[in-house]
Amino acid sequence: MEYTEQVMDHFMNPRNMGEMDDASGVGTVGNAKCGDIMRIYIKVEDDVITDVKFKTFGCGAAIATSSKATELVKGMTLAEAEKLTNKMVMDALGGLPPVKVHCSVLAEEALHAAIQDYRDRLEKGLAPRTEEDDENVRYV
Ligand code: FES
């Protein structure tokens, strides 16, 4: 199995890895194929993602694709970020071995879940979510 240089770079030096105390939205998803979990935090100001962090119990490919995805969406509007697909992230990394494609779905789904969480909270006037809100993991 061959990884591209970009994948190795993002795996060895992940961008935006960590947690966020004052996130506007948080999305957590699990991978139905391997059971690994991904959480993405976004900070939103005026409809723009001004900051983003990820935390994962996934493999190297999950780390690399989340790192790249966070890099790509920082500064995007929510509407732009909603269009991000795992294929776009994989392409930006020069591809992934076929057996690892499912790992890249985690970043896309967790990002979309975080945006949905932000929109739900805005609509319902709820306080920003906390870790305790996030115990129910949806498997994709
Ligand atoms: Fe689970 Fe890659 S094997 S995310």
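What you see is a predicted model, and the numbers here were worked out from it, not measured in a lab. The first residue of the sequence shown is numbered 1, and numbering continues consecutively from there. For ligands, and for the atoms within them, numbers begin at 1 and follow the listed sequence.
Distances below 4.0 Å separate heavy atoms of Lys100 from the following atoms of ligand 1: 2 (Fe), 3 (S). Distances below 4.0 Å separate heavy atoms of Asp36 from the following atoms of ligand 1: 1 (Fe), 3 (S), 4 (S). Short contacts between ligand 1 and Ala62, defined as distances under 4.0 Å to a heavy atom of the residue, involve ligand atoms 4 (S). Close contacts of ligand 1 with Cys34, meaning ligand atoms under 4.0 Å from a residue heavy atom, involve 1 (Fe), 3 (S), 4 (S).
Atom 1 (Fe) of ligand 1 has no N, O or S atom of His102 under 2.8 Å away, backbone or side chain.
Among all protein heavy atoms, the one lying closest to atom 2 (Fe) of ligand 1 is Cys59 SG, 2.2 Å.
A donor-acceptor contact under 3.5 angstrom links the side chains of Glu45 and Thr50, judged on distance only.
Under the 4.0 Å criterion applied to side-chain N and carboxylate O atoms, Glu82 and Arg119 are assigned as salt-bridge partners.
Side-chain contact between Asp36 and Thr56 is absent, with no heavy-atom pair separated by less than 4.5 Å. Side-chain atoms of Cys34 and His102, non-hydrogen and from C-beta on, do get closer than 4.5 Å to each other. Side chains of Val89 and Glu108 form no contact here, defined as non-hydrogen atoms less than 4.5 Å apart.
Considering Asp21, Asp22, Asp51 in turn, Asp22 is the only one that fulfils the salt bridge (charged side-chain N to carboxylate O under 4.0 Å, His left out) rule with Lys43.
Using a 4.0 Å heavy-atom cutoff, Lys33 is absent from the residues neighbouring ligand 1.
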